[in-house]
Each structure stands twice: as structure tokens, then as C-alpha cells.
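Heads up: the structure comes next, in C-alpha cells.
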Amino acid sequence: MSDRTKAAIVGIGTTDYYRHGSATKTNQGLLCEAILTACADAGIDPTEIDGFTGYSEQVPPSTIAPSLGVKELRYSGFVWGGGGGGSCAAIGNAVAAIEAGYANVVVLYHAVRRVEASRVGGAGGLTATASPFTAPYGLGTPVQQFAMIVRRHMHLYGTTSEDFGRLAISQRNHALRNPRSVMKSELTLEDYLSSRMIADPFRLFDCCQENDGGAAIIVTSLERARDLRQAPAEILGVSMGGWGAWGYMLSDQNAPADYYATAGHRLIAKNLYERTGLAADDIDVAQLYDHFTGMVLLQMEDYGFCEPGGSGAFVAAGEASWPNGRIPVNTSGGNLSEVNLHGTTHLIEGVKQIRGTSTSQVENAQVCLVTGGPSPIPSSSMILGRS
Amino acid sequence: VAPQYLPFPFDESAFDHVSTGFFEACQRHEFTVQRCKDCGNFQHPPRAVCTSCHSFDLEWAGVSGRGTVFTYTVVHHGPGMLSEYVPFNIVSVELEGTNGTRVVSNLIDVAPDQIKIDMPVEVTWEEAINGTVVPRFRAS
């Protein structure tokens with residue numbers, strides 16, 4: 001029996017998307033622009049906002065609330081962890097706050113201005129997770145950590161570089177239909193295979209972009225949503241967490257062998273499907289967090305699009321590609337080719353698919369899966385639906 | 001003293017009471033894994049408590065230092081100060097006699113295209129510039 005939520009996403013907004021380090025506004029400026037755009041989209045007066053929810057964000061509500069003229073803050077909550085793992089969990093916190101009556105209009109906001117951070121280690125050195133048991137061996141960046149998982153998957157199942165390349169190309173093709181995408185040029189398999197290796201098996205085009213920009217998403221009750229400007233994207237269910245042992249996993253590479261070569265989302269998926277009463281067969285379109293191509297394939301397996309080990313064949317058969325694939329994946333272009341704002345844009349593209357306004361619209365899309373990034377726990381996911 | 005595969009980026013202040021014993025054993029060229037004296041659980045990296053039975057009574061168990069490659073990557077880009085050492089490999093080694101416990105390290109004296117999952121390896125010892133000894137592995 002499903003237990004669907006009583007909340008919906010009613011407003012979405014972003015700034016322009018910028019290449020790495022090129023935004024001229026401050027984070028506060030990017031955030032206010034994104035939030036005001038989302039409020040206008042929803043038809044909600046910004047002073048009505050009474051809750052903030054966040055993950056991976058530097059700017060606190062104490063900075064944002066006075067800038068927006070918020071009258072009363074009644075809820076604020078934050079998800080542990082870094083990167084994009086907590087994106088859907090932050091929506092889950094908003095849902096919980098609304099259902100508990102703590103707040104009525106909750107905004108998720110996130111801005112990125114990459115002055116020095118880099119997940120492939122171009123400018124940065126060791127990460128916060130560096131320890132005497134990993135850093136002496138050069139292990140410290142996400143591209144290395146996920147490369148080791150995906151290399152094991154290739155060994156177990158025969159997944160190939162061409163499979164990863166086909167996903168990168170599929171997402172680039174989606175991005176080329178989206179005028180907002182940062183990536184504007186065609187990508188061929190030859191381009192992919194000749195791109196330089198970063199951390200084997202990941203090449204340059206397996207890795208997400210690094211961008212600047214801001215995004216905001218407004219959550220309110222289903223009841224309130226009926227009176228607003230947009231058709232609500234109903235939040236059918238949210239799931240956050242993961243295996244306890246996954247907590248050490250990326251830095252120490254020590255998850256049990258029976259679930260090492262996964263995206264760490266199997267339990268998150270199980271909970272999500274139980275809460276929504278839905279199954280993989282019900283998913284019309286999916287926005288799967290893409291820091292690295294291979295981890296998108298592993299999510300397809302964790303969410304049951306195919307059997308474990310079957311994701312290479314799923315992608316090669318075009319099943320993840322718009323318009324004819326069984327479950328088109330990352331229809332805006334994703335982090336790889338649209339923009340990387342830590343997964344906020346996956347939430348926004350999910351809402352667009354439910355509204356019917358994506359530039360690669362899946363015909364009559366009723367159910368959209370959105371995931372946060374495979375990451376140290378908690379990671380998260382959610383399912384959006386049409387009324 | 002053999003040249004280092006990669007620099008050791010810590011000084012003694014990085015070691016806490018949980019990790020010190022491992023590096024003290026390394027100084028003696030002994031490969032140890034933390035084992036629970038109550039339930040026999042092996043765990044690495046070491047923790048303050050047994051992750052299986054929650055006992056605080058933990059010991060350093062000597063192991064052979066032999067194992068197999070569980071997975072690996074070959075790094076061609078960065079990070080940071082390591083950019084001058086590329087390409088270098090990172091391996092996860094499953095240690096024999098430890099119920100599948102794995103450690104992160106590097107393989108030395110091997111060409112990148114010769115690294116294979118499941119290949120047998122054994123520990124070798126490298127002295128860092130500051131005197132700290134770290135375990136790396138080579139094909140066996």
C-alpha cells in the first residue's frame with residue numbers, strides 16, 4: 001500500500017548558467033535571482049516563504065530571509081553530506097515540514113561559484129575525507145573513487161567504455177535540444193574514445209562539467225498548489241539514506257563485495273518504490289544524477305530498469321535516449337552537458353517533464369524518477385507525478 | 001632506500017589513537033589488521049569500536065600481506081600536488097586470511113596495462129621522507 005505525500009513542487013527558477021568560475025554575481029545574488037524567479041513561476045509572493053531546506057549549500061537562511069523580506073521563518077533544515085547526494089532528501093525535509101504543519105511555503109535553494117573546488121583535482125588537493133589509510137596512495141577525489149567502483153563493474157559484467165560513451169552521447173543529444181545547455185557541440189563516439197583519460201576508466205567526457213549558477217525550487221501543500229499558477233508536480237514519495245556500511249565506502253572502498261559494484265541506491269530505491277506503490281515499469285522518464293557516466297548506469301540497475309550488469313546493454317539499445325527509449329534519462333542534458341548545479345537542475349527537469357515543458361518532452365509523462373548523487377550516505381531520490 | 005611511489009602527505013599529528021598502532025607495525029615491516037578480541041571481526045581502516053559486536057577490546061592481528069587485486073584505477077590527471085606523479089595507480093587489495101578485508105594502496109613495479117583484477121599481490125615496504133613506513137604491493 002502506498003503512502004504518497006501531500007506536497008508538490010509548484011515553482012522552479014534558475015539564474016543563467018555559467019562556465020566554471022565565470023559568474024560575476026555573488027552567491028547571495030545568484031540565490032536571490034533564482035528564488036525570485038521560482039516565486040514568479042509559482043505565483044507566490046516571496047514574503048510568504050516561511051521555510052528553507054538545503055543540502056551542500058554555503059549561504060544560510062539568515063542571509064537569504066532578510067534579503068527576500070521574509071516575514072516569519074518557521075522551518076529550516078539541512079541534509080548532511082556533500083555534493084549532490086542530498087538533493088531529493090532536502091525535498092523530503094520540505095515535505096515533512098509541510099505535512100507536520102511547521103511551514104507552508106518551503107524553498108530549496110543552491111548556488112555554486114567554483115573559485116577553487118574541483119572534483120577531478122585540477123586545482124584542489126586532498127579532500128576532507130583524506131585519511132592516513134587513503135591519501136598516501138593518492139586516493140582522494142570523487143573521479144578516482146567512482147572509477148574504482150566502475151572498473152569492478154566492468155570486470156564482473158563486461159561493461160565497456162563504449163557503453164559509457166553512448167550514455168555521454170545520448171545526454172549530449174538531449175542537451176543540443178535544450179537552448180540553455182552549456183555544451184553546444186555534437187559529441188561522437190570517436191570524440192569520446194579519443195578524449196583524454198582522467199582516472200581509468202573515466203575519460204574527460206565521462207566527467208560532469210564544473211559550472212556556476214543558482215537554482216531554487218518551491219514546495220507547498222497539495223491543497224495550496226491547486227490555487228497556484230502552474231500545474232503541480234506532485235511529490236509521490238521521497239527516500240533518503242543507504243546502507244550503513246556505505247558511509248565509509250567511497251574513501252575506503254570497503255563496501256561488502258556483494259554490493260560494492262552498485263551506485264549504493266538499492267535500499268533507497270526499495271524504500272521509494274514501497275512508499276509510492278510504484279515499480280521500475282511505471283517510470284516514464286528519469287533524471288539520474290550524473291557526476292560520472294558509469295554511475296548513471298549503476299543507478300539504472302539499482303532502480304531496476306534492468307538486471308545488475310544489464311545497464312551497458314540497456315544504454316546500447318537506446319533505452320535511455322529520447323524519444324524512443326523505454327526510460328529516457330537526463331532529458332535536459334544533465335550535469336554532463338546541460339549544467340552542473342549539484343542536482344538542483346535534475347529536480348527542475350523532473351518538474352518540467354511532469355508539466356510537459358521539457359525540450360525533450362516524453363509524451364504524456366506521468367511519472368518521473370529523480371535521484372541525488374551516489375555519495376557518502378545519505379543519498380536520496382524521489383518520484384514526481386502528474387495530478 | 002627505494003624511491004617513493006607517491007609522497008606521504010601527513011606528519012605525526014594526523015595519527016590518532018586508533019591509527020597509530022597500524023603505522024607502528026609498519027615501522028617493523030609487519031602488516032596488521034584491526035581484529036576484535038571478542039568476536040574475531042577484522043576491520044580496516046581501524047575504528048574505535050568493533051563494527052560487528054561493538055566491543056572496544058580490539059587488537060592488531062599480524063597477517064601475511066598477501067592478497068588479490070579487488071579493483072583499481074590508473075590516475076592520469078591530478079590531483080593537486082600529485083599531478084607530477086601521473087600516471088599512478090590506486091588499488092584495493094583483498095587480504096588473505098581476513099574474511100575479505102580490503103585495503104587501499106598502490107602496486108609498484110608494474111606497467112598500468114598489466115594491472116588486472118584478481119591478480120595475486122604481496123606487500124612491500126616503502127620509507128617516506130619523514131621516516132614513516134607505508135605498505136605498497138607488488139605482483140607475486
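So you know, we letter chains A, B, ... as the sequences are listed, proteins then strands, and number each from 1. Predicted, not measured: the structure shown is a model, and the values here were computed from it.
- At least one donor-acceptor pair closer than 3.5 Å links the side chain of B:T71 to the backbone N or O of A:M148.
- Contacts with chain A were tallied for B:L6, B:N106, B:D118; B:N106 has the most, counting heavy-atom pairs under 4.5 Å.
- Aromatic ring pairs are classed by plane angle as parallel below 30°, tilted from 30° to 60° and perpendicular above 60°; the pair B:F23 and A:F133 is tilted.
- Counting heavy atoms of neighbouring residues, nucleotides and ligands inside a 6.0 Å radius, atom CD of A:E162 exceeds 12 of them.
- Looking at every heavy atom in both residues, B:V104 comes nearest to A:D252 through CG2-O, 3.6 Å.
- In terms of heavy-atom pairs under 4.5 angstrom with chain A, the leader among B:E94, B:K116, B:R47, B:Q43 is B:R47.
- Neither the backbone nor the side chain of B:V86 comes within contact range of chain A, judged by heavy atoms closer than 4.5 Å.
- B:P79 is listed as a side-chain neighbour of A:Q144, based on a closest heavy-atom distance under 4.5 Å.
- Looking at B:P112, neither its backbone nor its side chain comes within 4.5 Å of chain A, counting heavy atoms on both sides.
- For the pair B:R136 and A:Y137, the cation-pi test (distance below 6.0 Å, angle within 45°) is failed.
- Of all heavy-atom pairs spanning B:T73 and A:A147, the tightest one is OG1-CB, 3.6 Å.
- Among B:F88, B:Y72, B:F22, B:F8, the residue with the largest count of heavy-atom pairs under 4.5 Å with chain A is B:Y72.
- Here the side chains of B:H44 and A:N254 are not in contact, with every heavy-atom distance at 4.5 Å or above.
- Heavy atoms of A:Y260 lying under 4.5 Å from chain B belong exclusively to its side chain.
- Comparing A:H155, A:M154, A:Q253 by how many heavy-atom pairs each has under 4.5 Å with chain B, the most go to A:H155.
- Chain A forms more heavy-atom pairs under 4.5 Å with one residue of B:P87, B:G100, B:S83, B:P46 than with any other, namely B:P46.
- Atom CG in B:D113 sits 10.5 Å away from atom CG in A:D200 (nearest 0.5 Å).
- When the candidates B:V134, B:I117, B:N89 are compared by the number of heavy-atom contacts under 4.5 Å with chain A, B:I117 comes out ahead.
- The 12-atom threshold is exceeded at CD of B:E59, counting heavy atoms of other residues, nucleotides or ligands nearer than 6.0 Å.
- The neighbour count for B:D57 CG, taken as heavy atoms of other residues, nucleotides or ligands under 6.0 Å away, is above 12.
- Residue B:S105 touches chain A through both its backbone and its side chain, counting heavy-atom pairs closer than 4.5 Å.
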